[in-house]
Amino acid sequence: MTSPSDFTPKSDFLRALIERGFVHQCSDFEGLDEKARSGTLSAYIGFDCTAPSLHVGSLLPIMMLAWLQRAGGKPLPLIGGGTTRVGDPSGKDESRKLLTVEQIDANKASIRTVFERFLSFGDGATDALLLDNADWLTGLNYIDFLRDVGRHFSVNRMLTMDSVKLRLEREHELSFIEFNYMCLQAYDFVEINRRHGALLQMGGSDQWGNIVTGLDLGRRMGCPQLYALTSPLLTTASGAKMGKTATGAVWLNADMLSPYDYWQYWRNTEDGDVARFLKLFTFLPMEEIARLAALQGAEINDAKKTLATEATALIHGRAAAEQAAETARATFEEGALALSLPKVAVPAEEVAAGLGVLTAFVKAGLVSSTGEARRQIKAGGLRVNDAPVTDERGVIGESDFASEGVVKLSLGKKKHVLLERA
RNA sequence: GGGGGAAUGUCCCGAGCGGCAAAGGGGGCGGACUGUAAAUCCGCUGGCUAAGCCUUCGUAGGUUCGAGUCCUACUUCCCCCA
């Protein structure tokens, strides 16, 4: 059995994951359910550390770990410090740059702050531990690895895996590194089981093959029965991949995306996604979600606000989330000037000298070039203090700074930035 | 090893008789309509100190008044034969 629909879990952990829509496949529901009920279940998920922040795409696995901890399990987020040093070859983009050890460490530290929002770390039985596979991969000796681990991999079997099979059928290049990547990933499972007793690896549905390879290796290398559980690939109701927005990726670190913008991301959820997202990205009880999901027409906006505030509170804290909600309310519902909108400072001398509108919008980060600013003006998309900009040679001067000492620049109806003198 | 293809707007896919800032999609952004939604329609989608200037078609040279387009070498990928 691999489908969650025809299984009734007894453990809190699996019940929560299944009823909230986190589960796509599992290697053995009954077995895992049993483990989750008897004793502390340790589980790990691998995360990418090529950027200094995770983005919303990683939120789903983080939530799975959080539910695990809530259900009395021990979550083990794993950072691929070792594997990123090889470079993930599964994308065919060869220009992927290799990161230095320092970069990886910096990213790791930054990413850890996100985990700390969702998981409690420490030395206790159910406290989370942040693992890095560099700890065991970098010291590996090739000959030893081949002898102890490599002999357990059946190339015959690896050749039947979808990821490999497809490439071979299409006669696409499959490099040796790539072929080995799954061996390392499988070995991670064994190592984490030995070091921390992890019995379960979770991940996105695209990781199924790799995770199952780990299961297999574990059996051959004398680990206890291991389990695999994957989550569905997340797309929006209209089929787009999650995590992209106007400004770029939806980062989880506040210094890369402000809580206000993060709140806005969730506020703009499509109708058809609201219920699903409430289940996946908030800890609200199911009854409450059912109530919100039943809202029709324009009322569903209330559900979106709740989603935005709850989701934002998880990573930026309740206070920041409520402030974002309030900022949005004042800005959108009252059309008022909310001083808590994201701010950008410009040197006072530049303002005194007269700041061109084009430059101002570029500085505010609302447009990427003066050329784009010109185009947006033609399209009627730029406003200064809510007044449409019609002249691209317009100048922002002292008089535009309201009594509050800021100028509100807007792109379209949704994106606002305050300019202040510094 | 031999033979034949391919590389295009720095998001992606893709056309391109020597006159090209380069067709067309997708995506994205803006406008209209709405509910800060979806769908639909319209516009935009190299940069700048902007009637002009600069930089782009794998890399480096060459032919030409003029090269994405022709020639040479190189790089990478694909196909066929061995």
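A note on names: the letters A, B, ... follow the listed sequences, proteins ahead of strands, and every chain is numbered from 1.
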Out of B:rG30, B:rA37, B:rU36, which has the shortest distance to the side chain of A:W263?
B:rU36
Mind checking salt bridge (charged side-chain N to carboxylate O under 4.0 Å, His left out) for A:R393 and listing every partner two or more places apart, or none if nothing turns up?
none
Just the atom pairs and distances: protein N or O near nucleotides 32-34 of chain B's N or O, under 3.5 Å.
{"residue": "B:rA32", "atom": "OP2", "partner": "A:K413", "partner atom": "NZ", "Å": "2.4"}

Per atom distances to the A:E270 side chain, the nearest of B:rU36, B:rA38, B:rG30 is B:rA38
With the sugar-phosphate defined as primed atoms, P, OP1 and OP2, and the base as all remaining atoms, what B/S/- string results for nucleotides 41-48 of chain B, 5' to 3', for protein heavy atoms under 4.0 Å?
---SS-SS
My understanding is that a pair needs two contacts under 3.5 Å, Watson-Crick or G-U wobble. By that rule, which nucleotide pairs with B:rU76?
B:rA6
Please list, in numerical order, the residues of residues 319-328 of chain A that have a heavy atom closer than 4.0 Å to any atom of RNA chain B.
A:A328
Would you please name every residue forming a side chain to side chain contact (heavy atoms under 4.5 Å, CB included) with A:R421, sequence neighbours left out?
A:A348, A:V351, A:E398, A:F401
Given the 90°-from-0 boundary between syn and anti, B:rC20 should be labelled syn
Whole-angstrom distance between B:rC33 and B:rC42, as gauged at atom P:
16 Å
Taking 4.0 Å as the cut-off, does a side-chain nitrogen or oxygen of A:K415 come that near to OP1 or OP2 on B:rG30?
yes
Tell me which pairs pass salt bridge (Lys or Arg N to Asp or Glu O under 4.0 Å) where either residue lies in residues 345-361 of chain A, with sequence neighbours left out.
A:E350-A:K363
